Participant: 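Quick one: this structure, given as structure tokens, is what I'll be asking you about.
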Amino acid sequence: MEKRFVFVVFSLVIGVVQSVNAEVPAIFVLGDSTSDVGTNNYLPQSTIKANFPHHGVDFPFAIPTGRFSNGFNTADYLAKLFGFKKSPPPFFSQNVKFSIKIRKFRGINFSSAGCGLLGSTGQTTPLQKNVVTMGEQLFQFSTVHSDLLAFKGPLETEKFLSKSLFFISIGSNDIMNNYYSSNPIPKEYFLPKLGLVYEKHLRNLISLGARKFGIVSVPALGCCPSQRIYQANGECLEELNNQARAFFSTMELLLGNLRLEYKDIKYSLGNTVDMTLNVIDNALAFNFKYVKTACCGSGTLNAQGSCTPVSDLCSNRNEYLFWDSFHPTQTASKLAAFTLYGGEPRFVSPINFSQLPDA
């Protein structure tokens, strides 16, 4: 049944992309490595990069772009479904003012691998710029907002942003870092704290004109190969999965309350815990043979070492759920994007991403 659903979505998408494209003037992406398309390449001191082989082995011309993937990631495929060629480029790579001036501005990807909702997540020392924090990503967007105002004026800017889509994928690194901290905050206190920080960031975006949100919640972290290697028989680490579930519930409540306060915002929340577990439980139906082992890495489950030019690399990458010890393959990212775009309420609610432009 699940496999049939995927094929139905693929066929339906072909007919609607063209009409949706006219309604989405721009896409803005904020988040971590799940949606980063090269931001950290521009941070000389960052140790969290993917701009080297084997990353990008299946990207056009086998270019390692900085995506933690063998090819495109979920942000790319979501953008494709809305009529774009791929994700908008990283903030640091764009001359925003010039793009707006010549009317070719279609959005920006601010995502930075390793970052989190908390400003401390991903930063090794105050002097070393390891990631672009979520707070800094919002500041970058505020500069874009100022440029839009300067060239378009307030009314046109408001209209432009109200029809644009804002995709956000973040929170995994915060939860992982706290879980493995030497002095972790109990989840009963930590997850609500994350929710409050998330709410602050969303309110800032709303104040700057964002109205349509595609939120990707934290996936089943305990099923990443990096966590399975510590479990008997390579099973999932259920405590991390439970925290991901609890955070999804936090996000459901948060977004519902914001919707009551701001009548003109629309949102779609992806339940990536259930999405991931559904694929794992029905692996063969989705043409995956390997859901525990990473395609690129070393050691047990190919997950004891990161993906590097000298790592073991699988040849049948379409059959793997995980690219490296944490991130999905291009095939899995594509499946995730199609589920977010056209999935049933079990996986994405209260509407799916495809319904955002018309909501």
Side-chain angles (χ1 to χ4, degrees), residues 1-7 9-10 32-36 50 52-59 62 64-65 67-77 113 169 172 176 216 218-241 244 270-340 343 347:
M1 181 64 180
E2 289 84 357
K3 184 177 178 181
R4 179 181 177 276
F5 167 72
V6 173
F7 288 143
V9 173
F10 266 85
D32 53 30
S33 58
T34 55
S35 51
D36 187 349
F52 49 82
H54 297 296
H55 297 294
V57 63
D58 296 311
F59 197 82
T65 60
R67 292 165 171 83
F68 285 77
S69 170
N70 54 308
F72 292 106
N73 63 24
T74 301
D76 291 304
Y77 284 114
S169 177
S172 298
M176 294 280 285
V216 182
V218 171
L221 298 174
C223 293
C224 293
S226 62
Q227 307 309 303
R228 287 182 182 270
I229 61 175
Y230 302 114
Q231 307 305 304
N233 301 319
E235 298 304 312
C236 299
L237 176 55
E238 284 305 320
E239 175 54 28
L240 273 177
N241 285 351
N271 185 346
T272 47
V273 174
D274 283 357
M275 285 168 54
T276 305
L277 294 179
N278 181 52
V279 172
I280 291 172
D281 292 341
N282 300 281
L284 293 180
F286 291 99
N287 295 323
F288 288 116
K289 289 185 179 180
Y290 309 96
V291 296
K292 294 184 178 182
T293 304
C295 173
C296 183
S298 60
T300 304
L301 299 182
N302 227 17
Q304 289 182 297
S306 58
C307 182
T308 71
V310 296
S311 295
D312 294 330
L313 177 67
C314 69
S315 58
N316 48 341
R317 292 178 283 278
N318 290 341
E319 297 177 346
Y320 279 74
L321 179 61
F322 287 96
W323 163 240
D324 59 15
S325 60
F326 286 101
H327 304 97
T329 57
Q330 173 175 260
T331 299
S333 294
K334 188 174 186 178
L335 175 60
F338 272 81
T339 306
L340 291 167
F347 301 122

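In this text the structure is predicted, and so the values were computed from the model without any measurement. Heads up: numbering here begins at 1 and tracks the sequence.
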Participant: Does any non-hydrogen side-chain atom of Leu321 lie less than 4.5 Å from one of Val279?
Facilitator: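 Counting from C-beta outward, Val279 and Leu321 do come under 4.5 Å.
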Participant: Can you name the nearest heavy-atom pair linking Phe68 to Ser33, along with the distance?
Facilitator: CD1-CB, 4.0 Å
Participant: Kindly give the heavy-atom pair with the smallest separation between Arg317 and Val57, and that separation in Å.
Facilitator: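 Answer, listing the atom of Arg317 first, then Val57: NE-CG1, 3.6 Å.
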Participant: Over all heavy atoms of both residues, which pair between Pro64 and Ala50 is shortest? Give the atoms and the distance, please.
Facilitator: CB-O, 4.1 Å
Participant: Identify the heavy atoms of Leu277 and Asn241 that sit nearest to each other, and give their distance.
Facilitator: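 Heavy atoms only, the tightest pair is CD2-ND2, 4.4 Å.
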Participant: Can you find a heavy atom in the side chain of Arg228 that is under 4.5 Å from one in the side chain of Cys236?
Facilitator: yes
Participant: Taking only residues two or more places apart in sequence, or in another chain, which ones meet Ser306 in a side-chain hydrogen bond (donor to acceptor under 3.5 Å, both in side chains)?
Facilitator: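 With neighbours one apart ignored, the set is empty.
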Participant: Just how far is it from atom CG of Leu340 to atom CG of Leu335, taken to the nearest 0.5 Å?
Facilitator: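 Rounded to the nearest 0.5 Å, the CG-CG separation comes out at 9.5 Å.
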Participant: Tell me if a side-chain donor or acceptor on Asn70 pairs with a main-chain N or O of Gln330 at a distance below 3.5 Å.
Facilitator: yes
Participant: Do side-chain atoms of Ser325 reach the backbone of Ser226 as a donor and acceptor pair under 3.5 angstrom?
Facilitator: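 Side chain of Ser325 to backbone of Ser226: no pair is present.
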Participant: Under a 3.5 Å distance rule, please check whether Asn271 uses its side chain to pair with a backbone N or O of Asp274 as donor and acceptor.
Facilitator: yes
Participant: Within a radius of less than 6.0 Å around OH of Tyr230, do more than 12 heavy atoms belonging to other residues, nucleotides or ligands occur?
Facilitator: no
Participant: Looking at Ala244 and Val273, what are the two nearest heavy atoms and their distance?
Facilitator: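 In terms of heavy atoms, the two residues are closest at CB-CG2, 3.6 Å.
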Participant: In Å, rounded to the nearest 0.5 Å, how long is the span from OG1 of Thr339 to CE of Met275?
Facilitator: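 Interatomic distance, Thr339 OG1 to Met275 CE, rounded to 0.5 Å: 4.5 Å.
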Participant: Counting distance only, does the side-chain N/O of Asn73 pair as donor-acceptor with the main-chain N or O of Ser333 below 3.5 Å?
Facilitator: no
Participant: Where the side chain of Gln304 meets the backbone of Ser298, is there a donor-acceptor pair that is under 3.5 Å apart?
Facilitator: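 Checked: no pair found.
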Participant: When you measure from the side chain of His54 to the backbone N and O of Pro309, does any donor-acceptor pair fall under 3.5 Å?
Facilitator: yes
Participant: Atom SG of Cys296 and atom CG of Asp312: how far apart are they, to the nearest 0.5 Å?
Facilitator: 8.0 Å
Participant: Got a second to check how far Asn302's CG is from Ser311's OG, nearest 0.5 Å?
Facilitator: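 Going from the CG atom of Asn302 to the OG atom of Ser311 covers 7.5 Å.
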Participant: Please report the closest heavy-atom contact between Leu237 and Gln231, naming both atoms and the distance.
Facilitator: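 So the minimum-distance heavy-atom pair works out to CD1-NE2, 3.6 Å.
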Participant: Are the ring centres of Tyr320 and Phe288 closer than 6.0 Å?
Facilitator: no
Participant: Using 0.5 Å steps for rounding, measure from the CG atom of Leu284 to the CD atom of Glu319.
Facilitator: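 Between Leu284 CG and Glu319 CD, I get 10.0 Å after rounding to 0.5 Å.
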Participant: Is it true that the side chains of Thr34 and Ser169 contain a donor and an acceptor less than 3.5 Å apart?
Facilitator: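 Looking only at side-chain atoms, Ser169 and Thr34 do form a donor-acceptor pair, the distance falling under 3.5 Å.
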Participant: Got a second to check how far His327's NE2 is from Cys224's SG, nearest 0.5 Å?
Facilitator: 8.5 Å
